[in-house]
There are 2 protein chains.
Amino acid sequence: MNINRNFLALCPSYLFTEVGARIASFREKHPERELIRLSVGDVTLPLAPAVIRAMQRAVLEMGDAATFKGYCPETCYGYEVLTEAIRARYARRGVKLSAGEIFVSDGAKSDLSGILDIFSCDNTVLVPDPVYPVYADTNIMAGRRIVYADANGGNGFLPLPDERVQADIIYICSPNNPTGAAYGYDGLKAWVDYALRRNAVILYDAAYEAFIDGDLPHSVFEVEGARGCAIEICSFSKTAGFTGVRCGYTVIPDTLEREGVSLSGLWIRRQSTKFNGVSYITQMGAAAAFGEEGERQTAENIAYYKRNAAAIAALLGANGIWYTGGRHSPYIWMRCPGGMNSLQFFGALLEGAGVAGTPGYGFGKNGEGYLRLTAFASAEDTAKACTRMGDFLKRI
Amino acid sequence: MNINRNFLALCPSYLFTEVGARIASFREKHPERELIRLSVGDVTLPLAPAVIRAMQRAVLEMGDAATFKGYCPETCYGYEVLTEAIRARYARRGVKLSAGEIFVSDGAKSDLSGILDIFSCDNTVLVPDPVYPVYADTNIMAGRRIVYADANGGNGFLPLPDERVQADIIYICSPNNPTGAAYGYDGLKAWVDYALRRNAVILYDAAYEAFIDGDLPHSVFEVEGARGCAIEICSFSKTAGFTGVRCGYTVIPDTLEREGVSLSGLWIRRQSTKFNGVSYITQMGAAAAFGEEGERQTAENIAYYKRNAAAIAALLGANGIWYTGGRHSPYIWMRCPGGMNSLQFFGALLEGAGVAGTPGYGFGKNGEGYLRLTAFASAEDTAKACTRMGDFLKRI
């Protein structure tokens, strides 16, 4: 009996232990001071009324034999009312999908790991640095070789393909966690062309697409050629506040093949074997989130967070701090001033302003020297934090 | 870029295609005849009123900023109200668990595949035959070697350990799907001792434990020594009718190690990386299912299904048909009469009685010559089916 020794190669998550310990210490030393956390990547506004109504109705249906729902008839795909709502949303962006290309799940995190099952462990994975740690960790668990694409101030944290690098599975998260940077059409096209030349597959994490304004692509499938190389993974978590409800969807073009094998065919087999569908109640809520009223209401919540992000960005700009994000994202990625490394600055900001961010070193070597701030706190707390940060930045 | 070629080793699921095609053909040829399906492994009775109330309350909380819930704070474990309810349920069976040994998930199917991530692919897996196809398929996808333990009429479909067989991961499903057979203490003790001697791990699927009456173990942890070799995977699907709600829990003793590594430690890392928790609404419903009122109400539904099972079993017994299951299970596993193989008998029963079962060959070579009947239809339909089957059995 052997355990999976790849797990021993995982880095322990020192980041959150360290951050948690310092925050606990702050609270102990300064019980009278109010700590404002701009560190949490979780939504705070309640679900849209249209979503609540749909879920209430679904709950009642589950209590009545005549309307009770057991297993979702289409385990891999989800209920048609939801997949059709997703399809319509893509159509509004000019992306035409077939019904059989959309697969509802309990969230992007589950799909980001599940999708790896259909690929051999001897593929090379390309991951940006800094990055959401899950992309690397899921591949370390499988024993795959990982190469990193450097994201930094020089490229605005939007790395472009390096012809010297061979990769089979390419992660792109745009708008990005942790940096908030978002690719334009040309940048994504460069990656699509690179993937097509190498017969690689792009795993496109679109978890934050609802925060985009202006003319950036929301979906990788808006890019010519993407149907030949991309799988898109989306989430209701940030779009509709579903972090505690759990729903997402993965889009795999039905013509996408590698080695002559349909990737959606492999996904269907994987999901049929390892997954048993999403709650009926959740799916009805998700369908309502993408209905006319739901989209309007969830857009108001997104706008609220974006106003917070804009306030934080404005504060940094006014104080000459270099940053990215803050516009198409709930995240602002700031360069630590005063030559401090990310943990030092995190501590200084905590002590000096009573504001907690997330030190960038936890997201990779290129995160060193940066701090992530999030826009999910209340507008009042965000404004208060901005005032305090402004005072603090002037003092250092 | 290589796909996972292990997927090409999977058998296509001819069973459900074949069964579906024959049922569709029957409906086309005999639109006037009423088909009764005793083939579906899905619940039909609505959720308990206590569960509905808890979920309604949770939905409303999600619509209010003051009570809104984002990510479950303890992603891997679940909300305390639920884990404590699970712990209390085990305590009532005399099994003492610590809070940190219970891990809530979106269902047994997800956990049955997820748990394999913590084990090396070079382990040998022991699976009973016949069996729920997922145990073998998830391991075929990973490229593990699989050996089968023969379950048959000779051992009452309750195979005992074979000392000549070396295995590292051992699947036990008791009460069993598809046979409904359930181990007593001695049978489970034999498997626990076997696993301890070989340093193996038992994956114990307790999805149907709520159907047990009398003095059989409900949990593998009622067996002496099991904490040294077993992981138990449970589900609210059949226990509380949650097939369309999605909730389960896995129990890993905190002292369970292999190669000096804590298995629950590996599971925590796996879940933290590949999973993002269960819906707040679902968890509150699940906690209510295990509360006093919820347990009473869900027990009534279980009793309803058990009465159906008893009726089917009685009908078979009265007609001299050998069967197992039907007592501690919603499944009855009958030997096909008249020397017919399972697909032949399935077809004959369909044509002759308008009743659909599930041909045993789909569950493995030892399923040939057997048919699975399920107790989830309405009491009226079950009674009608029994009458028709009785007439049919007398004619052949």
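Please read these numbers as outputs of a predicted model, since none were measured by experiment. Order of the sequence lines sets the chain letters (A, B, ...), proteins ahead of strands, with each chain counted from 1.
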With respect to chain B, which residue among [options] yields the maximal number of heavy-atom pairs within a distance under 4.5 Å?
options: Gly277(A), Ser237(A), Cys247(A); result: Gly277(A)
options: Asp168(A), Leu60(A), Asn4(A), Val201(A); result: Asn4(A)
options: Ile52(A), Leu263(A), Asp111(A), Leu112(A); result: Ile52(A)
options: Gly70(A), Gly107(A), Ser113(A); result: Gly70(A)

With a 4.5 angstrom heavy-atom cut-off, could you sort out which part of [X] is near chain B: side chain, backbone, both or neither?
X: Val261(A); value: side chain
X: Val40(A); value: neither
X: Thr44(A); value: backbone
X: Arg5(A); value: side chain

Out of curiosity, Tyr280(A) OH to Phe242(B) CZ, how far, rounded to the nearest 0.5 Å? 16.0 Å
Give me the atom names and distance for the closest heavy-atom approach of [X] to [Y].
X: Thr138(B); Y: Thr273(A); value: CG2-CG2, 3.7 Å
X: Pro46(B); Y: Asp64(A); value: CB-N, 3.6 Å
X: Tyr71(B); Y: Gly41(A); value: CE1-O, 3.4 Å
X: Ile169(B); Y: Met1(A); value: CG1-CE, 3.7 Å

Kindly indicate whether the side chain of [X], heavy atoms from C-beta on, has any atom under 4.5 Å from the side chain of [Y].
X: Arg246(B); Y: Asp106(A); value: no
X: Ile118(A); Y: Ile3(B); value: no
X: Val245(A); Y: Met62(B); value: yes
X: Met55(A); Y: Ile281(B); value: yes
X: Phe68(B); Y: Leu47(A); value: yes

Test of understanding: with side-chain hydrogen bond (donor to acceptor under 3.5 Å, both in side chains), list the residues that count as partners of Lys69(A), not counting sequence neighbours.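 So Lys69(A) forms no side-chain hydrogen bond (donor to acceptor under 3.5 Å, both in side chains) with any residue.
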Would you say that more than 12 heavy atoms from the other residues, nucleotides or ligands in this model lie under 6.0 Å from the CZ of Arg57(A), or not? no
Please flag which part of Val59(B) lies under 4.5 Å from any non-hydrogen atom of chain A: side chain, backbone, both or neither. both
Against chain A, label Glu259(B) side chain, backbone, both or neither, depending on which of its atoms sit under 4.5 Å from a heavy atom there. side chain
Among Lys274(B), Arg269(B), Arg270(B), which one satisfies side chain to side chain donor-acceptor pair (under 3.5 Å) with Asp137(A)? Arg269(B)
Is there any side chain to side chain donor-acceptor pair (under 3.5 Å) pair reaching into residues 118-127 of chain B, and which pairs are they, with sequence neighbours excluded?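 Listed by first then second residue: Asn2(A)-Asp122(B), Ser120(B)-Asp122(B), Thr124(B)-Arg145(B).
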Among [options], who wins on heavy-atom pairs under 4.5 Å with chain A?
options: Met141(B), Lys109(B), Arg198(B); value: Lys109(B)
options: Asp117(B), Asn6(B), Thr67(B), Val51(B); value: Asp117(B)
options: Gln166(B), Arg258(B), Glu61(B); value: Arg258(B)

